[in-house]
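Okay, so here's the structure we're looking at.
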Amino acid sequence: LTRTARRLTLAAGAALALAAVLPVQAQDIKPRLIRFGYGLAENSNQGRAVKMFADEVQKLSGGKMRIRAIGGAALGPDTQMQQALIGGAQEMMVGSTATLVGIAKEMALWDTPFLVNNTREADALLDGPVGDKVRAKLEDKGMVGLVYWENGFRNLTNSKRPVTKLEDLNGIKLRVMQNNVFLDSFKQLGANAVPLPYSELFTALETNAVDGQENPYNTILSAKFYEVQKYLTITNHVYSPWIVTVSKKFWDGLSKDEKAVLQKAAVASRDFERKDTRAEAAKALADLKSRGMQVNELSPTEAARMRDKLTHVNAGVATQVGMDLWNETQAQLAKLRGG
Ligand code: TF8
């Protein structure tokens, strides 16, 4: 070997060894600061998963990409953060798919009452072709959807009375998300449905501006709604996903490697978040009872009456999301249920 050739071989060997030890250094990754906003408290399933995502991004990028997590709706309610992502003033967020219907109407699919029966069906639908199609609708609108996290099955709370039958909802001022399907659903049930951003919810309950709300056990616990809500009715009326999104403006400026870091970290955070949320949900009801909430289940007859009323909104959702998507969803669910 000539001297030059030997030197080149050595250099190549060194580069290979270096790549094996520190693969991240060889990648096209620049220092990046990513502001990641969310609505729930730091000490919530949402907050814990954002923290896990931040750690994962830091690890996968060799410390170059840094997530600045900003919780408690300090950057504004979901709808305001969405606009900041679209405009490029904020890089990332996680929030309810329900607040995205104004941007991508297909998101309303996830608001269908009783769409899925369990988390196995939810995961299969969200992580499969239907979930991918809905997620992709955000791209034209200035956002990139990375993964769905679990918010969970929603249950009803209020400060007025135990809801044991349909008629008990009459006249209850119920906060709903800013979403037409939720608004219609609770009107169907006879409640006085009031759309409000999540960031205003605790105060609205505390001041009796509204009597009730509906959210998964995890949130009723982490947001301390038990301090201002006496009655909890197990309704499981809809499964709510969260979606992790990136500003398209920001995303388009990232290298392939940088995008891969965010995608990998997002998938890891999704798996962590679902596990953590389910573990917490399994214990949360007992916790809520011990904090003084009065919990009731619905009799099969009353559950069926509510279900009947709620499914009146299905035709509207089908029209809103398009019959093709609706039929594909029903076909996948039938397949999942058929075994
Ligand atoms: C709601 C949702 C909230 C989410 C969260 C702020 O009731 O269930 O948990 O929007 O990201 O608004």
Side-chain angles (χ1 to χ4, degrees), residues 36-51 53 69-85 90 92-104 107-108 110-113 115 122 126 143 145-158 173-183 185-186 191 193-205 209-226 228-229 232 235-245 269-270 273-274 276-277 280-281 284:
F36 190 128
Y38 61 99
L40 295 195
E42 223 174 284
N43 179 24
S44 69
N45 54 336
Q46 197 174 52
R48 289 190 295 273
V50 174
K51 170 98 180 39
F53 175 77
I70 305 156
L75 294 178
D78 284 5
T79 48
Q80 190 180 323
M81 291 196 284
Q82 290 156 12
Q83 293 309 321
L85 259 65
Q90 181 184 328
M92 289 188 75
M93 67 173 285
V94 63
S96 181
T97 53
T99 54
L100 277 167
V101 288
I103 291 170
M107 285 288 164
W110 313 125
D111 306 324
T112 311
L115 182 68
L126 290 161
M143 297 169 92
L146 293 183
V147 285
Y148 296 100
W149 288 356
E150 174 159 300
N151 188 355
F153 283 99
R154 304 178 79 91
N155 290 290
L156 189 76
T157 70
N158 85 94
K173 259 188 152 181
L174 191 84
R175 176 271 177 175
V176 294
M177 291 188 280
Q178 294 156 297
N179 171 288
N180 63 308
V181 184
F182 275 83
L183 199 57
S185 294
F186 284 94
V194 187
L196 270 184
Y198 177 82
S199 50
E200 288 170 29
L201 180 51
F202 189 91
T203 307
L205 294 169
V210 294
D211 306 313
Q213 64 88 44
E214 41 85 49
N215 254 300
Y217 297 147
N218 308 65
T219 301
I220 301 170
L221 190 60
S222 67
K224 299 192 162 79
F225 289 157
Y226 55 80
V228 288
Q229 297 279 274
L232 192 161
T235 49
N236 290 313
H237 50 274
V238 65
Y239 175 93
S240 270
W242 281 325
I243 186 165
V244 177
T245 49
S269 73
R270 174 191 71 196
E273 194 271 349
R274 285 180 181 160
D276 177 60
T277 297
E280 183 184 51

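Order of listing sets the numbers, starting from 1, for every ligand and every atom in it.
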Considering only the protein, which heavy-atom contact is closest to atom 8 (O) of ligand 1, and what is its distance? Asn215 OD1, 2.6 Å

Minimal non-hydrogen separation, Arg154 against Ser240, with atom names: NH1-OG, 2.9 Å

Closest protein heavy atom to atom 3 (C) of ligand 1, given as residue, atom name and distance to 0.1 Å: Tyr198 CD1, 3.9 Å

Are Ile243 and Val94 close enough that some pair of their side-chain heavy atoms sits under 4.5 Å apart? no

Region of Trp242 that comes within reach of ligand 1 [heavy atoms, distance under 4.0 Å]: side chain

Any side-chain heavy atom of Val101 within less than 4.5 Å of one from Asp111? yes

Quick one: salt bridge (charged side-chain N to carboxylate O under 4.0 Å, His left out) partners of Glu273, sequence neighbours excluded? none

Using distance alone, decide if ligand 1 has a nitrogen or oxygen within less than 3.5 Å of any nitrogen or oxygen in Asn151. yes

Could you tell me whether the side chain of Trp110 reaches within less than 4.5 Å of the side chain of Asn151, counting heavy atoms only? no

Closest heavy-atom approach to atom 1 (C) of ligand 1 among Gln213, Glu200, Arg175 is made by Arg175

Looking only at protein heavy atoms, identify the closest one to atom 11 (O) of ligand 1 and say how far it is in Å. Gln46 NE2, 3.0 Å

Which of the ligand 1 atoms, numbered from 1, are nearer than 4.0 Å to a heavy atom of Met177: 1 (C), 2 (C), 7 (O), 12 (O)

Quickly, which of Arg175, Gln178, Gln213 forms a side-chain contact (heavy atoms from CB on, under 4.5 Å) with Leu196? Name it, please. Arg175

Taking atom types as modelled, find out whether Tyr239 and Glu150 have a side-chain donor-acceptor pair closer than 3.5 angstrom. yes

Got a list of side-chain donor-acceptor pairs under 3.5 Å for residues 69-81, not counting sequence neighbours?
unit_1 : atom_1 : unit_2 : atom_2 : d
Asp78  : OD2    : Ser96  : N      : 3.1
Asp78  : OD2    : Thr99  : OG1    : 3.3

At under 4.0 Å between heavy atoms, is it the side chain or the backbone of Leu201 that contacts ligand 1, or both, or neither? neither

Should Gly95 be listed as contacting ligand 1, given a heavy-atom distance under 4.0 Å as the test? yes

Just need the protein heavy atom nearest to atom 10 (O) of ligand 1, so name the residue and atom and give the distance. Asp78 OD2, 3.1 Å

Counting from 1, what ligand 1 atoms have a heavy atom of Ser96 closer than 4.0 Å? 4 (C), 10 (O), 11 (O)

